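Structure first, then comments.
Order of the sequence lines sets the chain letters (A, B, ...), proteins ahead of strands, with each chain counted from 1. These numbers come from the heavy atoms of this one structure, side chains and all, not from hydrogens, waters or symmetry mates. Computed from a prediction, not measured in an experiment: that's the story for all the values here.
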Amino acid sequence: MKSGNDFFEQVWQVVALIPHGRVTSYGAIARYLGSAQASRTVGYAMNASHASTVKIPAHRVVNRNGLLTGKNWFGGPDVMQQLLESEGMIIENDKIVDFEKRFWDPNKELTV
DNA sequence: AACTTGACGGTCA
DNA sequence: ATGACCGCCAAGT
């Protein structure tokens, strides 16, 4: 049937599993899928998340620095930050404070 | 059909 | 410690 959508669907699946008040990185998701260096593709999947019927909390996904790289993709440069703060997250200078503590690793939590 | 770009990450110089 | 390049997968032009 369809081909190539597997990667995106898996990414959406993992992102949808991110607990409230937690965040993860593109690389962590990519690694969970088996392609640690395909992190850019993960970000691309986020961009295509609107195509998914599932609700994708993309605001909980940031780069490995905890920086809100895709904040500009939420319809506003501050929307992503507002969403994260709304979940108890602390954002400073477009960066997640205590990112390590808020970090949610699918490989670790889901135990592949 | 081919080349370039993209919400990243890691390694090398 | 800082800067630059390569690798990965898919989509857009």
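Atom P of nucleotide dG9(B) and atom CZ of Phe103(A) are separated by 9 Å, given to the nearest angstrom. Between Ile96(A) atom CD1 and dA7(B) atom C1' the separation is 13 Å, expressed in whole Å. Between Asp94(A) atom CG and dA7(B) atom P the separation is 15 Å, expressed in whole Å. Rounding to whole angstrom units, CD1 of residue Ile56(A) and C1' of dA7(B) are separated by 14 Å. Going from atom CG of Asn63(A) over to atom P of dG6(B) covers 16 Å, rounded to whole Å. Atoms CD (Gln10(A)) and C1' (dC9(C)) sit 12 Å apart, rounded to a whole Å. Taking atom CH2 of residue Trp12(A) and atom C1' of nucleotide dA10(C), one finds them 11 Å apart after rounding to whole Å.
Applying the salt bridge (Lys or Arg N to Asp or Glu O under 4.0 Å) test to every pair with at least one member in residues 22-37 of chain A, sequence neighbours left out, gives these pairs: Arg31(A)-Asp105(A). Sorted by first and then second residue, the side chain to side chain donor-acceptor pair (under 3.5 Å) pairs involving residues 56-66 of chain A (not counting sequence neighbours) are His59(A)-Glu87(A), Arg60(A)-Glu87(A). Within the structure, every pair that satisfies the ring-ring contact (aromatic ring centres under 6.0 Å, His included) test and touches residues 73-109 of chain A, not counting sequence neighbours, is listed here: Phe99(A)-Phe103(A). Applying the salt bridge (Lys or Arg N to Asp or Glu O under 4.0 Å) test to pairs two or more places apart or on separate chains, none has a residue in residues 35-47 of chain A.
Applying the 3.5 Å distance criterion, the base of dG9(B) shares no donor-acceptor pair with the side chain of Arg40(A).
Note: Lys95(A) NZ to Gln81(A) CD = 12.0 Å, rounded to the nearest 0.5 Å. One finds the CG atom of Asp6(A) at 10.5 Å from the CG atom of Leu33(A) (value rounded to the nearest 0.5 Å). How far CD1 of Ile29(A) is from OH of Tyr26(A): 8.0 Å, rounded to the nearest 0.5 Å. In this structure, CD1 on Ile56(A) lies 12.0 Å from CZ on Phe8(A), to the nearest 0.5 angstrom.
In the region residues 41-54 of chain A, proximity to DNA chain B at under 4.0 angstrom, judged on heavy atoms, holds for Gly43(A), Tyr44(A), Met46(A), Asn47(A). Interface residues of residues 65-76 of chain A facing DNA chain C, ordered by number: none; criterion, heavy-atom separation under 4.0 Å.
Across all strands, Ala30(A) comes closer than 4.0 Å to no nucleic acid atom at all (heavy-atom distances).
Separating the C1' atom of dA7(B) from that of dG3(C) is a span of 22 Å, rounded to the nearest Å. Rounded to a whole angstrom, the distance from the P atom of dC5(C) to that of dT5(B) is 14 Å.
By the 4.5 Å heavy-atom criterion applied to side chains, Val15(A) and Pro57(A) are counted as neighbours.
With sequence neighbours excluded, no residue forms a salt bridge (Lys or Arg N to Asp or Glu O under 4.0 Å) with Lys55(A). Residues meeting the salt bridge (Lys or Arg N to Asp or Glu O under 4.0 Å) test with Glu85(A), sequence neighbours left out: none. Qualifying side chain to side chain donor-acceptor pair (under 3.5 Å) partners for Asp94(A), counting only residues two or more places apart in sequence or in other chains: Lys71(A).
The backbone N or O of Ile96(A) sits nowhere less than 3.5 Å from a side-chain atom of Arg102(A) that would complete a donor-acceptor pair.
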Could you go through nucleotides 10-13 of chain B and list every protein N or O atom that sits under 3.5 Å from one of its N or O atoms, giving the distance for each pair?
none

message: Reading 5' to 3' and counting Watson-Crick or G-U wobble pairs with both distances under 3.5 Å, write the dot-bracket notation for DNA chain B, | for bases paired outside the strand.
response: .|||||.||||||
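Grouped with Leu67(A) in a hydrophobic cluster is no other residue, since no side-chain heavy-atom contact under 4.5 Å to another Ile, Leu, Val, Met, Phe, Trp or Tyr is found.
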